[in-house]
Amino acid sequence: MAKHTVTLIPGDGIGPELTTAMTRVVDATGVDITWEVADAGEHVMAEYGTPLPEHVLESVRRNKVAIKGPITTPVGTGFRSVNVAIRKELDLYACLRPAFSIAGNGARYDNIDLVIVRENTEDLYAGIEFEQGSEGARKLIEFAAAEGAGVMRPDSGISLKPISITGTERIVRFAFDYAIANGREKVTAVHKANILKHSDGLFLKVARRVAEEYKDSGIVFEDYIVDATCMQLVLHPEWWDVLVLPNLYGDIVSDLCAGLIGGLGIAPGANIGAEYAVFEPVHGSAPKYAGKDVANPTAEILSAVLMLNHLGERDAAARILAAVRAVIGEGECVTYDIKRSVTGSTDGSVATQAYADALIERL
Ligand code: NAP
């Protein structure tokens with residue numbers, strides 16, 4: 001029996017080619033993993049009647065650990081995000097997105113080493129929405145007016161932003177525990193409490209209370225308004241350490257941080273709950289590149305590095321990270337996005353699997 005069994009969700013768009021590159025690199029370390037493939041997304045709907053079949057969730061529940069490729073979400077209409085559904089179904093409340101500089105990738109900065117901790121289950125992502133013109137929207141508009149909460153135009157569509165004490169306590173604790181376990185020095189709570197007094201205001205109040213519990217830990221706590229955070233991230237990315245944010249700001253700020261370190265092609269992520277963990281890159285399915293063997297698998301591979309650390313396979317994780325740094329640093333065998341950042345042209349870039357070959361050779 002293999003030492004680890006991991007659920008592998010290839011996803012769609014560029015997902016299958018990236019997860020192929022990732023499993024090839026992980027297997028090349030010699031770490032003993034059986035990949036249990038369980039597919040989700042629009043392409044499984046005809047067979048199962050849903051983009052997220054129950055056996056996919058059962059596989060993750062059984063194995064406790066999964067790694068996935070991106071999955072497309074139709075815009076405006078169609079099914080709700082499979083990615084969001086997986087996080088909700090498995091209560092993966094913490095989304096961890098490290099952003100660190102990799103020399104030679106053409107990024108604007110070379111001094112970034114920060115971690116986004118995004119709350120994953122509530123806020124505007126809770127999916128509580130009322131369609132414009134629906135009975136629910138009409139009632140809510142009437143209710144808000146009757147309560148004196150405010151006036152919404154009668155032709156409004158409405159999305160709610162719930163933020164709870166429970167959800168905030170556990171994500172802020174997660175951020176502090178992560179900071180302590182990983183030798184970090186500072187946790188910054190990011191919010192818009194000056195305007196959103198009952199959602200972000202509560203987030204900030206609870207974050208301050210939880211920070212008090214950790215006051216002897218040596219970890220510095222501060223808070224920052226989200227718009228100012230964005231500006232300071234661009235001006236002084238080296239200031240930041242661990243940032244803890246409500247769901248939507250976490251989503252947006254982590255893409256900003258991906259841009260600071262050189263692009264979505266190299267930004268890894270993890271969704272972690274009390275029982276299960278699902279690893280996935282920050283980026284989406286980039287449909288225009290699907291099947292072309294050009295997308296950068298580094299984000300997927302660095303997500304596997306996070307997974308290997310989670311599984312206690314620290315040596316394999318460190319070797320893959322060193323191989324990524326070496327191959328990108330040399331600049332010979334890099335995918336189109338990195339070549340474009342470094343030289344302004346994609347000429348001389350290599351294919352997804354050829355880059356994986358270079359990493360394997362380096363390992
Ligand atoms: P995206 O797929 O992340 O792609 C946006 C752009 O980022 C690409 O056009 C490409 O830039 C760059 N990029 C992304 N991944 C890359 C990679 N591996 N290598 C190199 N460059 C990469 O964002 P999107 O187009 O907004 O979303 C497409 C679909 O993915 C949507 O249906 C969305 O809902 C879904 N999505 C899924 C997840 C998930 O599964 N967790 C996350 C986000 C979005 P250039 O055009 O400059 O080359």
Side-chain angles (χ1 to χ4, degrees), residues 8-22 25 39-44 51-52 56 66-90 92 95-97 102 105-107 116 118 120 125 127 247-248 250-272 277-304 306 324 328 334-342 344-346 349-356 359:
L8 173 65
I9 306 171
D12 55 30
I14 55 175
E17 50 207 283
L18 300 188
T19 50
T20 297
M22 179 277 295
V25 171
D39 217 351
E42 192 167 19
H43 58 291
V44 305
L52 181 55
V56 176
I67 186 159
K68 64 181 281 293
I71 296 176
T72 307
T73 308
V75 176
T77 54
F79 59 83
R80 284 189 179 278
S81 167
V82 172
N83 311 301
V84 174
I86 290 173
R87 294 168 202 159
K88 275 179 103 172
E89 286 290 329
L90 300 172
L92 304 172
C95 178
L96 194 64
R97 291 179 164 177
I102 296 180
N105 74 354
I116 301 283
R118 164 187 173 192
N120 234 358
Y125 270 73
N247 207 335
L248 183 64
D251 187 26
I252 297 167
V253 172
S254 53
D255 265 37
L256 189 155
C257 291
L260 297 177
I261 58 164
L264 282 168
I266 59 165
N271 301 290
I272 298 173
V278 177
F279 297 82
E280 62 176 342
V282 174
H283 64 69
S285 56
K288 68 181 176 182
Y289 295 127
K292 296 196 169 140
D293 194 27
V294 295
N296 188 348
T298 305
E300 187 77 52
I301 290 166
L302 292 178
S303 301
L306 297 177
V324 166
I328 292 179
V334 293
T335 46
Y336 83 91
D337 52 327
I338 293 184
K339 196 55 111 179
R340 186 178 60 190
S341 295
V342 175
S345 154
T346 58
S349 59
V350 303
T352 308
Q353 301 306 327
Y355 168 72
L359 295 181

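Order of appearance sets the numbers: ligands from 1, and atoms from 1 within every ligand. Computed over heavy atoms, backbone and side chain alike; hydrogens, waters and symmetry mates excluded.
- Judged purely by atom type and a 3.5 angstrom limit, Thr352 uses its side chain to pair as donor or acceptor with the backbone of Ala295.
- Listed for the Glu300 side chain is no donor-acceptor partner under 3.5 Å among the backbone atoms of Ile67.
- In this structure, His283 and Pro70 approach most closely via the heavy-atom pair O-CB, 3.8 Å.
- Here the closest heavy-atom approach between residue Arg87 and residue Asn271 is recorded as NE-OD1, 3.5 Å.
- When every heavy atom of Ile71 is checked against every heavy atom of Gly11, the shortest pair comes out as CG1-CA, 3.7 Å.
- Between the side chain of Glu17 and the backbone N or O of Asp293, at least one donor-acceptor pair lies under 3.5 Å.
- For atom 30 (O) of ligand 1, the closest non-hydrogen atom on the protein side is Ser285 N, 2.9 Å.
- The backbone N or O of Ile261 sits less than 3.5 Å from a side-chain atom of Asn105, completing a donor-acceptor pair.
- In this structure, Thr298 has no heavy atom closer than 4.0 Å to ligand 1.
- The protein heavy atom nearest to atom 3 (O) of ligand 1 is Gly284 N, 2.7 Å.
- Atom numbering of ligand 1 starts at 1 in the shown order; those under 4.0 Å from a heavy atom of Ile14 are 18 (N).
- Looking at every heavy atom in both residues, Val82 comes nearest to Pro51 through CG2-CB, 3.6 Å.
- For atom 14 (C) of ligand 1, the closest non-hydrogen atom of the protein is His283 CB, 3.7 Å.
- Here Glu280 has side-chain heavy atoms under 4.0 Å from ligand 1, and that is the only part of it that gets that close.
- The atoms of ligand 1 that sit less than 4.0 Å from any heavy atom of Arg87 are 41 (N).
- Among all protein heavy atoms, the one lying closest to atom 46 (O) of ligand 1 is Lys288 NZ, 2.7 Å.
- The shortest distance between side-chain heavy atoms of Pro281 and Leu264 does not fall below 4.5 Å.
- Residue-level proximity to ligand 1 for Ser81 is absent, since no heavy atom of it falls below 4.0 angstrom.
- Residues Ile9 and Glu280 form no side-chain contact, since every pair of their non-hydrogen atoms from C-beta on lies 4.5 Å or further apart.
- Protein heavy atoms are found less than 4.0 angstrom from atom 18 (N) of ligand 1.
- Proximity of atom 24 (P) of ligand 1 to the protein is not indicated, since no non-hydrogen protein atom lies closer than 4.0 angstrom.
- Counting heavy atoms closer than 4.0 Å to ligand 1, residue Asp337 contributes side-chain atoms (C-beta onward) but none from N, CA, C or O.
- For atom 33 (C) of ligand 1, the closest non-hydrogen atom on the protein side is Thr73 N, 4.2 Å.
- For atom 37 (C) of ligand 1, the closest heavy atom belonging to the protein is Ile71 O, 3.3 Å.
- Both tests pass for Arg118 against the ring of Tyr125: distance under 6.0 Å to the centre and angle within 45° of the axis.
- Atom OG1 of residue Thr346 and atom NZ of residue Lys339 lie 10.0 Å apart, to the nearest 0.5 angstrom.
- If you look at Glu17 next to ligand 1, there are no close heavy atoms at all, none under 4.0 Å.
- Counting the atoms of ligand 1 from 1 in the order shown, those under 4.0 Å from a heavy atom of Asn296 are 17 (C), 18 (N), 19 (N), 20 (C).
- Protein heavy atom in closest approach to atom 7 (O) of ligand 1: Leu264 CD1, 3.5 Å.
- Here the rule is side-chain contact (heavy atoms from CB on, under 4.5 Å) with Ile266, and of Val282, Val324, Thr298, Ile301 only Thr298 fits it.
- With a 4.0 Å heavy-atom cut-off, ligand 1 is reached by the backbone of Val282 but not by any atom from C-beta on.
- Closest heavy-atom contact between Asp12 and Glu42: OD2-N, 4.2 Å.
- Residue contact annotation: Pro287 has a non-hydrogen atom under 4.0 Å from ligand 1.
- Ile86 and Leu92 make their closest contact through O-CD1, 4.0 Å (heavy atoms, listed as atom of the first residue, atom of the second, distance).
- Annotation for ligand 1: atoms under 4.0 Å from non-hydrogen atoms of Lys68 are 40 (O), 41 (N).
- Proximity of atom 41 (N) of ligand 1 to the protein is indicated by at least one non-hydrogen atom lying closer than 4.0 angstrom.
- The shortest contact between atom 48 (O) of ligand 1 and any protein heavy atom is with Tyr336 OH, 2.4 Å.
- Evaluated by nearest non-hydrogen atom to atom 8 (C) of ligand 1, the leading choice among Gly265, Ala286, Ala299 is Ala286.
- Backbone and side-chain nitrogen or oxygen atoms of Thr72 are examined, and none is located within less than 3.5 angstrom of a nitrogen or oxygen of ligand 1.
- Using a 4.0 Å cut-off between heavy atoms, Glu42 makes no contact with ligand 1 at all.
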